[in-house]
Amino acid sequence: MHKSAVQTDKAPKAIGPYSQAIKSNGFLFTSGQLPLDPETGLIPKGSIEPRVELCLQNIQAIAEAAGTSMSKAVKITVFLTDMADFKAVNLIYERFFTKPFPARSAIQVSALPLGADIEIEGIFEI
């Protein structure tokens with residue numbers, strides 16, 4: 001098995017001992033992306049919509065750095081601290097993915113790193 005790390009300055013740097021993503025056997029596996037602005041390292045305040053968009057923009061930047069695209073997503077996992085945000089997530093999500101939509105799980109968790117209320121990860125064909 002051959003695997004290689006993916007790194008781009010267009011997405012936040014890892015906040016721990018992990019890679020932004022790993023390419024392996026024709027797939028890209030992204031680490032969970034928090035709604036961190038890659039330039040400031042900050043999480044936007046206010047409603048969840050800008051944070052959903054930032055998570056997905058970060059994943060998109062990583063996918064593109066790996067030579068793939070959002071249209072090649074096969075599985076997305078969304079972690080939320082409040083499932084009441086599910087509808088708002090779907091509205092932003094639809095702007096990043098097209099039919100056939102990737103498989104997806106949405107999971108409510110008690111907490112996320114840096115006090116974030118959303119984290120998104122994905123698996124893509126390369």
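It should be emphasised that the depicted structure is a prediction, and the values quoted were computed from it without experimental measurement. Numbers here are sequence positions counted from 1.
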*Look at the side chain of Q20 and the backbone N and O of A11, then say whether any donor-acceptor pair between them is shorter than 3.5 Å.*
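Yes, the answer is positive, given that a donor and an acceptor are paired below the 3.5 Å cut-off.
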_Side chain T77, main chain S105, donor-acceptor under 3.5 Å_ =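 No: the side chain of T77 does not pair with the backbone of S105.
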Find the distance between [atom1] ([X]) and [atom2] ([Y]) and round it off to the nearest 0.5 Å.
X: Q7; Y: I62; atom1: CD; atom2: CD1; value: 8.5 Å
X: L34; Y: E119; atom1: CG; atom2: CD; value: 4.5 Å
X: T98; Y: M70; atom1: OG1; atom2: CE; value: 10.0 Å
X: L91; Y: I48; atom1: CG; atom2: CD1; value: 11.5 Å
X: D117; Y: I43; atom1: CG; atom2: CD1; value: 8.0 Å
X: N58; Y: T8; atom1: CG; atom2: OG1; value: 9.5 Å

*Please write out which residues are connected to I123 in a hydrophobic cluster, directly or through intermediates, given that two of Ile, Leu, Val, Met, Phe, Trp, Tyr count as joined at side-chain heavy-atom separations below 4.5 angstrom.*
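Joined to I123, directly or through intermediates: F27, F29, V74.
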*asked:* In the structure I gave you, are the side-chain heavy atoms of R51 and P44 within less than 4.5 Å of one another anywhere?
replied: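 The answer is yes; the side chains approach within 4.5 Å.
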_Sub-4.5 Å side-chain heavy-atom contact between T30 and F124_ =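 A side-chain contact under 4.5 Å exists here.
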*Taking all non-hydrogen atoms of both residues into account, name the closest pair between Q33 and C55 and its distance.*
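Closest heavy-atom pair between Q33 and C55: O-SG, 3.2 Å.
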*Considering all heavy atoms, the nearest I22-S19 contact*: CD1-OG, 3.8 Å
*Would you kindly check if the NZ (Lys) or CZ (Arg) of R104 is within the cone defined by 45 degrees around the ring axis of Y93 and under 6.0 Å from the six-membered ring centre?*
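The answer is yes, since R104 meets both limits relative to Y93.
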